[in-house]
Structures are given as structure tokens and as C-alpha cells.
Amino acid sequence: YRKASFLAALALTVYALRTREQFYLAAVYLSSSKWAYVIFGNAIVAFLITLFDGVCYLFLGGLRLHEAEGLQDFFRWNVTETCLALSLFRYELSVSVAVQCLALITLKCWHHVAAMREQHLRLTQDGVVGDAWPRVRKDHLLLYAFLWALQALDLIWLHHSITILMARGVSVQILLAFECAILVVSAWSHLLLGGIHQLDSLLHWGHEKELRWGQRWLHVWKEYKATVTFAVELQAQFIQFLFYVIFFSIVMSTIGIPLSLLREVYVSFVQLKQRISAFYSYRVLMAQLNAFETPTEEELEEAGATCII
């Protein structure tokens, strides 16, 4: 598909130059022909797919099967939601806006695969290895470099969109700005979760090597690790929900009721509610467990100290 798309764009360019015989006339033809829009637009999509694969191979070594399947579902939803959101700004649609939306979808796909890989590495691998000295795994370093690069792209794009909004007022750039702001929060949360995992792996490494600082701080850290992890996930979910509410309010007050955003706001609210409910249930369970008294050795012997499980 990609080779055919690039060859079609090259063939159309050669055809325009040979039939018009002048660069200006060829440029006018390519910028006004509907076939040129279709063929070059398709070539841009093929280029973004090639760029996506290249970046994923560079930083992640390619996609796992689970990540590829999750990306397909994520891509379908995001293309649909982006098209519905663009319907609010249909009077501003242009080639530039279309290219920016394609680039935004590519950026969101990068964030999605980076989030899935970060969660996979955090659950399946120790972040720190080594015999004499601790060192971070190469795949972890590449992932963190990828997240930092995505963070930089998000901030640059966010600054560009805010600058245009301040100069021209509410436009399609507000959609791009809020999407970039949500991506900034996502990248930061996964960087923080990765940092927590690295700290936990370092303390376990020190404990296994029987180092004083590892044996001293590991048990203290275990009491706070779950709380810190939950706090990072909760604040990221809350900020994303807040951004959706602000975006929904601005669009509704300036353009109209954004029906395409109702699902995003609702899904974000449900996810935030589930996290808070899970934390509350955990606190209730721990309070009930702490209500039991610690049995004595005599009581254990009387009840049967050996657990059959």
C-alpha cells in the first residue's frame, strides 16, 4: 500500500511537469486538481504510517501482538471521534487542518502504544539489574526517551495552538490544544509511574545485595508505594476529566452543543468514579481487617496452626 501510494504521487508529479512544461503551471494544476488532492492526501497517510512504524521500531523494537490489536481498536475510535469533533468546525476545514488532524491521530497512537508498553514493562520486568552496580534496562531507557520526546512534541504543539487562539479567538485550534494538553498529562503520568517502578526496583536490588540502604528503606517504601501509585493515576484521571469539562463548556458557550464530546466526558467521568470507588472499597476492607485482634500462639494451636492451603 505504501509503495503504491508513493509511486502514484510520483507519477502524478511527473505527469504534471511533462504536460504543463512549466513549474508554475504544474504547481497550479497540482494545487487545484481533485485527483491531486486524493493522491497526495493518500501519500501523506502512507508517509505517516511509515513514520509511525519507524519510530516504534526505533524506541520500542516494534509492537507486540497485544499492542497491535489494541492499537487497531484505538485507531478506529479516534478516527471516528476526530471526524465528529471536526464537524463542529466544518467552516474552517482546509488541507492544513486535515494534515494537522492526521498528525494528531499519529501522535495519539504513539502515546497509546507507549502507555501499553510502559504498563507491560512495569508489570513483567525489574527496572534495575546488575551485579556490582545497578543499571537500568535498555528497553526501559528507550521507552523513557520515547515518552520524553512525545512530551516535547506535545508541549511545542500546545504552545503553537495557544498562540493562534490568542491571536484569532476560538477556532479549530482549541480542539488541537485540548487534545495536546490531555496527551501532556498522559505522558507525565506514565513517566512518573515509570520513575516509581525504577525506585522500587532499585530498593529491591539493594535489599537482594544486602546493602544497608536497601534493607533500611525497602520496608518503609512498601507501605507507601501503592498510595503513591494510586495518587499519580488518580490525579492524571482527574486532570483529564477536568480538561474535557472545560473544553465541553467552551465549545458549548461559543459554537453550540458538542454532541460528539458527550461520550468522551462520560467515559472520563466513569473511569474517575471507578478509581475513587475502588479506593474507598479498599479503605473499608482494610478498616474491617484491622478490627480483628492478632491471635496468640495458644489460640493458633487450639484452632489448628497448620493451614491446609
Heavy-atom pair of closest approach, residues L183 and H111: O-CE1, 3.4 Å
Verdict with reasoning, L30 to Y15, per side-chain contact (heavy atoms from CB on, under 4.5 Å): CA-CA 10 Å; L30 292 176; Y15 168 78; over 6 Å; no
Of all heavy-atom pairs between L234 and R275, which one has the smallest distance, and what is that distance? CD1-CB, 4.4 Å
Can you tell me if Q100 and S96 form a side-chain donor-acceptor pair at under 3.5 Å? yes
What are the two closest non-hydrogen atoms of S31 and V28, and how far apart are they? OG-O, 3.0 Å
Heavy-atom closest pair (G194 atom, E118 atom, distance to 0.1 Å) is N-OE2, 3.6 Å
Looking only at non-hydrogen atoms, find the nearest pair between W205 and G130 and report the distance. NE1-O, 2.8 Å
Could you check whether atom CG of D73 has more than 12 heavy atoms from other residues, nucleotides or ligands sitting under 6.0 Å from it? yes
Heavy atoms of H112 and L71 approach each other most closely as CD2-CA, 4.2 Å
Is the number of heavy atoms from other residues, nucleotides or ligands under 6.0 Å of R2 CZ greater than 12? yes
Member of R117, Q72, H120 meeting the side chain to side chain donor-acceptor pair (under 3.5 Å) criterion with E67: R117
May I ask you to check whether over 12 heavy atoms, not counting those of Q119, lie within 6.0 Å of atom CD? no
